[in-house]
Amino acid sequence: MSVGIDLNKVRNIGIIAHIDAGKTTVTERILFYTGKTYKIGEVHEGTATMDWMEQERERGITITSAATTAEWNGSTINIIDTPGHVDFTVEVERSLRVLDGGVVVFDGVAGVEPQSETVWRQADKYSVPRICFVNKMDRTGASFNYCVDTIKERLAAVPLILQIPWGLEDQHKGVIDIINQKAFSFEGNKGIEVVEHDIPEEFLDEVSALRDSLIETVAENDEELMELFLDEKPIEVDTLKQAIRRVTLSNLAVPILTGSALKDKGVQKLLDAVIDYLPNPNDLPPVEAIKVGSEDEIVKLAPDVSGSLLGIAFKVVTDPFVGRLVFFRLYSGTIEQGAQVYNSSRNERERVGRIMKMHSNSREDVDVLYAGEIGAAIGLKDTFTGDTISSRDNQLLLESITFPDPVISVAIEPKTRDDQQKLSEAIQKLAEEDPTFKVRFDEETSQTVISGMGELHLEVLVDRMKREFNVVANIGKPQVAYRETITQEVKVQGKFVRQSGGRGQYGDCVIEVYPRDKGEGFLFENNIVGGSIPREYINPVNKGVENALSSGAKAGYPVVDVGVKLIDGSFHPVDSSEMAFETAGSIAMRDALKKAKSILLEPVMKIDVVSPEDYLGDVLGDLNSRRGQVLGSEARGNTQVVHSLVPLAEAFGYSTDLRSMTQGRATYTMEFDHYEKVPESIAEEIGKANRASD
């Protein structure tokens, strides 16, 4: 390339992991060793650079993904530090959509934890190459081999052990490099000096066996190395590293590194591995986009600064100093300050005001952003998460970002009339930032209802309204996001006829309604033959059917996993209209829901409890009392890990109850797992309560 940046020296990576595995601590060390910061911030002290929100510093967790840029050995590393708590999974999802590689951090004692599996699946979804960093080797109970085993078994990954810890727990001195067959310690202030040693004698046999095993595993997944291996030729360090890079980029295996970020050991070697094994933008296949107006035409674009403009917005933030910031990844072309761009997703022209590179919550203005880079822009008023940015003369559309549906809702109202307008503005801005935060107005109760991914998610959002927007609100009790579905196939007719002098209304349709498998959603099929319903009235029938699905027959909740076939109907040459057929479709669907034996579905949460053995009986008894299904338990050091499924309706307030029954010594994680049928007796109670409130 004649202008711009050398993309071979760019890495766009995310730091992802289960909560408390040490992601932010790893990122803080990276910033220190790359010279980006001159003082290491600590999560436990509330001084972490990347945890800049007040709520993050108070709670000691990451809530929002933070972006920064660092330099290491002549390469630029754009880093996004993501949250580990499942309530903020949206931040991981949108970050992985635009990143080229990932560093997955694991707790050296716990190994693969529930949220580790979730973020791993998200990375699989976007085919993101990754390397693993087994952290906390200094902790009591740390076991590198146990962690590697869990990566292999629970994540179905092929591990490539590139390092092992040099000692464990209070004897942890550094790392032993399997490829170079050297040991490294980290001396001086904050471990800034990397010192090379010969491998201690007690590790020689283990390192030799691990190096042979590493070469064999890589050869099994790489043809070039396989030839050398079969010919029994010597395999040089650079040859082996290139082969490891190829299998990593192909997602055939994952390099495993180790250390202790808190004790300043192993992070510089992790940075070397990021450069050596994770992809630059040129390593990835060309991004595929759809040509607007020609939905069948797929355009493939490489990251070329002279190519057609193409980028995706992956995050919107309301900054108190500069206003609305839109984060985006540029795949092709360049964007300059003041440039006109086109939002292909919404058919809107936009003008870019300022362009910035972010360092947590501080900003650095730049004149231009090149293909392969990540930045933020001010001035994009109508651009939202998942929208495609392209040029007006070559409109392209990228696949958007999909997000899970909320599972919990609460009613919210301002404390005073003066707060009403401020509350509306705060909710609108927060909904723009967070696609998993939904808002609706319940006309029957005249309440504003907000929905999110969990109690903590909504708690943080309400806290942000108070601090950032100065809104004081009353919050109702949490409500479960129930769903309904049908269990029988039925055939119904929907007819809407109105005659009131002059032109009337006439719509008539016959539909077959049938249940679909769990998670398959709604499907509408047009099976009309012979023109019994003209083509222009098919979509209105579909729209009417979908409208009726918003309120089920059992308890008034949205209906899911239903298939509809439009098989017959009739029309009037004068009186028929789109509105009449939409109404007829709605009438038919409501009738079908009454006849098709609707059932109520509830969200079921996967709860994993880590408890001292002394309290195991109390924990199991409590889970059973919550209609929980205990899937099993396993020993982890001197604790027991209990895996269970519990209906969300029974899980409210679980953190308080668990603390009281275990004297605060147990911890747990909870994430949405699936929807399940509500027992009939409870479904009747919910239905009665809803009818009473109506």
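Because only heavy atoms are used, hydrogens play no part in the values below, and waters and symmetry mates are left out as well, while side chains stay in.
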Counting only N and O atoms by type, is there a donor-acceptor contact under 3.5 Å from the side chain of Thr485 to the main-chain atoms of Val560? yes
Does Phe106 have its ring centroid less than 6.0 Å away from the ring centroid of Phe133? no
I would like to know whether Asp561 and Asp517 meet side-chain contact (heavy atoms from CB on, under 4.5 Å); could you show each step before the answer? CA-CA 6 Å; Asp561 301 332; Asp517 288 340; over 6 Å; no
Under a 4.0 Å threshold between the charged nitrogen and the carboxylate oxygen, would Glu113 count as salt-bridged to Arg154? no
Between Ile16 and Val103, does a side-chain contact (heavy atoms from CB on, under 4.5 Å) hold up when you go through it step by step? CA-CA 6 Å; Ile16 57 177; Val103 174; over 6 Å; no
Arg626 bridged to Asp657 by N-O distance under 4.0 Å: yes
Please check if the side chain of His172 supplies one atom and the backbone of Gly167 the other of a donor-acceptor pair under 3.5 Å. yes
Distance col, row Thr24:OG1 vs Arg29:CZ, nearest 0.5 angstrom, shows 11.0 Å
Has Thr487 got a side-chain atom pairing as donor or acceptor with Lys597's backbone, closer than 3.5 angstrom? yes
List for me each residue that meets salt bridge (Lys or Arg N to Asp or Glu O under 4.0 Å) alongside Arg627, sequence neighbours excluded, and say none if there are none. Glu602, Glu650
To the nearest 0.5 Å, how far apart are CD1 in Ile30 and CD in Gln268? 10.0 Å
Rounded to the nearest 0.5 Å, what's the gap from CG on Leu278 to CD1 on Ile131? Could you check? 4.5 Å
Quick check against the 3.5 Å criterion: does Ser213 have a side-chain atom that pairs as donor or acceptor with the backbone of Ala209? no
Go through it in stages, so that I can follow the logic: the residues are Leu623 and Val646, the test is side-chain contact (heavy atoms from CB on, under 4.5 Å), and I'd like the CA-CA distance, side-chain angles, deciding distance and then a yes or no. CA-CA 7 Å; Leu623 289 170; Val646 179; 3.9 Å; yes
Hydrogens and angles aside, do Glu676 and His674 bring a side-chain donor and acceptor to less than 3.5 Å of each other? yes
Grab the two heavy atoms, one from Val678 and one from Leu601, that are nearest each other, plus how far apart they are. CG2-C, 3.8 Å
Could you tell me which non-hydrogen atom of Met137 sits nearest to which non-hydrogen atom of Ser260, and how far apart they are? N-CB, 4.2 Å
Contact summary for Thr385 and Lys315, nearest pair of heavy atoms: OG1-CA, 4.0 Å
Using 0.5 Å steps for rounding, measure from the CG atom of Leu214 to the CG atom of Leu160. 6.0 Å
Got a sec, which residues hit salt bridge (Lys or Arg N to Asp or Glu O under 4.0 Å) with Glu399, two or more places apart in sequence or on another chain? none
Under 3.5 Å, is there a donor-acceptor pair between the side chain of Asn624 and the main chain of Leu620? yes
Short question: side chain of Thr436, backbone of Gly452 - any donor-acceptor pair under 3.5 Å? no
Got a second to check how far Leu96's CG is from Ser127's OG, nearest 0.5 Å? 11.0 Å
Give a yes or no answer on whether the side chain of Ser625 reaches the backbone of Asp622 with a donor-acceptor pair at less than 3.5 Å. yes
Give a yes-or-no answer on whether the side chains of Asn145 and Ser143 include a donor-acceptor pair shorter than 3.5 Å. no
Between Asp138 and Lys136 (salt bridge meaning N to carboxylate O under 4.0 Å), is one present in this structure? no
Could Glu684 and Lys554 be called an ion pair, given the rule that one side-chain N must be under 4.0 Å from one carboxylate O? yes
Give a yes or no on whether the backbone of Ala555 and the side-chain of Glu484 come within a donor-acceptor separation of less than 3.5 Å. yes
Taking all atoms of both residues into account, what is the closest heavy-atom pair of Leu645 and Val604, and its distance? CB-CG1, 3.8 Å
Between Thr248 and Val254, does the side-chain contact (heavy atoms from CB on, under 4.5 Å) criterion hold? Intermediate values first, please. CA-CA 6 Å; Thr248 304; Val254 286; 6.0 Å; no
More than 12 heavy atoms of other residues, nucleotides or ligands under 6.0 Å from NZ of Lys415: is that the case? no
Interatomic distance, OH@Tyr675 vs CZ@Arg483, rounded to 0.5 Å, equals 4.0 Å
Once salt bridge (Lys or Arg N to Asp or Glu O under 4.0 Å) is applied, do any residues pair with Lys265, and if so which ones, sequence neighbours excluded? none
For the pair Arg130 and Asp124, evaluate salt bridge (charged side-chain N to carboxylate O under 4.0 Å, His left out) and give the outcome as yes or no after the intermediate values. CA-CA 10 Å; Arg130 65 216 84 145; Asp124 281 342; 3.0 Å; yes
Tell me whether Asn135 contacts the main-chain N or O of Val105 through its side chain, where contact means a donor paired with an acceptor under 3.5 Å. no
Give a yes or no answer on whether the side chain of Gln163 reaches the backbone of Thr258 with a donor-acceptor pair at less than 3.5 Å. yes
Identify whether the distance between the nearest side-chain nitrogen and carboxylate oxygen of Glu169 and Lys263 falls below 4.0 Å. no
